[in-house]
4 protein chains.
Amino acid sequence: MLNRVILIGRLTRDPELRYTPTGIAVTQFTLAVDRPFTNSQGEREADFIPIVTWRQLAETCANYLRKGRLTAVEGRIQVRSYDNNEGRRVYVTEVIADNVRFLESIRNDDSSGGGSYGNRDLPLNRDDSKQDPFANDGSPIDLSDDDLPF
Amino acid sequence: MLNRVILIGRLTRDPELRYTPTGIAVTQFTLAVDRPFTNSQGEREADFIPIVTWRQLAETCANYLRKGRLTAVEGRIQVRSYDNNEGRRVYVTEVIADNVRFLESIRNDDSSGGGSYGNRDLPLNRDDSKQDPFANDGSPIDLSDDDLPF
Amino acid sequence: MLNRVILIGRLTRDPELRYTPTGIAVTQFTLAVDRPFTNSQGEREADFIPIVTWRQLAETCANYLRKGRLTAVEGRIQVRSYDNNEGRRVYVTEVIADNVRFLESIRNDDSSGGGSYGNRDLPLNRDDSKQDPFANDGSPIDLSDDDLPF
Amino acid sequence: MLNRVILIGRLTRDPELRYTPTGIAVTQFTLAVDRPFTNSQGEREADFIPIVTWRQLAETCANYLRKGRLTAVEGRIQVRSYDNNEGRRVYVTEVIADNVRFLESIRNDDSSGGGSYGNRDLPLNRDDSKQDPFANDGSPIDLSDDDLPF
DNA sequence: TTTT
DNA sequence: TTTT
């Protein structure tokens, strides 16, 4: 009845943009979120949390997010499952984001991106996935006949 | 750097209380959280989200929560991994709760529980897992030599 | 850049529904949220937090919420100010809700309401106040020439 | 029963550190949080939200936060009231923070601060205000006989 | 001005 | 494996 997640962390890699067969944009990336304590060896660990964005938000994330960037994500936890090729049920937990905030200005020295932008706060539209029939379906996303989505 | 989850849903089963070898209480249960939309078949789906509580909070949850109860959970997403007996790395995503709220008064007609309590809002202490060396370690929990924790 | 509030509490009174001059529904109510500790006299205090909902969500809240009902609210903090009739600037802090969840089934014995409903989870549409030019303006709401909004 | 706020914004001024008569540190600052939309004149407005921190967290905030810094705050909404010198009841709404994250590295060119630190993520201890008898009292804070706290 |  |  209520499912809300807020994360701040850094991208472990550049985001990956794909399209569903019906042409809807999906971007996936992983956020490394430091734990608020150190483990028994005195080391600070992190949780690596997979994030999924859809539609316009997916395009913007693909365009502007890059590996290492400090990023805030708002969304909900989604658990989907599928049967792998050994006939085992596999559970996948992801955060479906509906709001993403870039917390670092986009640097000029970014080799993986295109241009240089001065601005710090890009107009990331909120995703309104309620109108998206695709997002309403929790089943594994088929981007092609023999491709698993992520 | 920031990792916050708030959920409201219903327990799919009675909670399970176990103890670590050093005697720390751990309670696990699953929350069914309805999605805020219907799928392409017009059905309302749910996410089944595993919750873990520690120490005093674990004891209280085991004592008072029951299958079907509407419950609010606050915590953080934790992703841990282990190698299963086929040598495959398995990822487990759980919400480590530090605050749990019972949203239904405990009913008199509860056959699975013991007595009848009138009260609606039990004194669930916040878990302070920062002092718990065990909780700081993301590795799979060994409750005994050949038992996986959950 | 990010502003998110989640509350669970009880309505101190029945909600109040009004309309702006352009016909947009606005519902206001106050949520009593118990503090998670007792004060120095050993008493449990509460915060009384004003909630505002708009449009379709306002209509549904006015129809189904009643004094005393346990309710979850998601939204953002808004601070608006106006000059009172003594020329002093007054600051008003409210939670603008975009998601409201009824946590109690609507009782048959409700004298203040109309009918009896069996259902527990009403289809409260999320408010999409971004399309609402009125909601975008933080100024005091004029419901009529000489009326303050709430 | 549940009261959770998460904000990301910038400090409008340097934080102010004070002490209660019993020697407990209190730091106050205001966070400017941009609204996620533009108003009817096409301008982006902000909410100015007062934040209060206690004890160790108060000391750290006073030491490291400065005007303009991008900052994440986790806490709860608190509404307190007092009677002003005209005999009117005044309501004050603040966010009592228990977790604060600095989202910008501390710059070397900071004239208002002391030294230069390279680090990005300071060890801000979570405040455990439940053990703080002072924090449990919602009444106006007396720092001296004739001083109002903030 | 406040809820259970 | 799932709750109302």
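Computed from a predicted structure; not experimentally measured. Only heavy atoms go into these numbers, but all of them, side chains included; no hydrogens, no water, no symmetry mates.
Closest to the side chain of D:Arg89, from the set F:dT1, F:dT3, E:dT1, is E:dT1. With distances taken from any side-chain atom of A:Tyr91 to the nucleotides F:dT2, E:dT2, E:dT3, the minimum falls on F:dT2.
Between D:Tyr82 atom OH and E:dT1 atom P the separation is 14 Å, expressed in whole Å. Rounded to whole angstrom, the span from the CG atom of C:Leu70 across to the P atom of E:dT2 amounts to 20 Å. In this entry the distance linking CZ of D:Arg80 with C1' of E:dT1 reads 19 Å, nearest Å. The CZ-P distance, from D:Arg88 to E:dT1, rounds to 12 Å in whole Å. Atom CG in B:Asp34 sits about 12 Å away from atom P in F:dT3, given to the nearest Å. Between A:Met1 atom CE and F:dT4 atom P the separation is 14 Å, expressed in whole Å. Between B:Arg10 atom CZ and F:dT1 atom C1' the separation is 20 Å, expressed in whole Å. Protein atom NZ of C:Lys67 is 8 Å distant from nucleotide atom C1' of E:dT2, rounded to whole Å.
Residues C:Glu74 and C:Arg101 are not paired through a salt bridge, judged by the lack of any N-O separation under 4.0 Å between the basic side chain and the carboxylate. A salt bridge does not link C:Lys67 to C:Asp14: none of the charged side-chain nitrogens sits closer than 4.0 Å to a carboxylate oxygen.
Listed pair B:Arg13 / F:dT1 fails the phosphate criterion, with no side-chain N or O lying under 4.0 Å from OP1 or OP2.
At least one donor-acceptor pair closer than 3.5 Å links the side chain of B:Asn84 to the backbone N or O of B:Arg88.
You can call B:Phe48 stacked on the base of F:dT2; the centres are under 5.5 Å apart and the planes sit within 30°.
The minimum heavy-atom distance between B:Glu104 and B:Leu70, with the atom names listed, is OE1-N, 3.4 Å.
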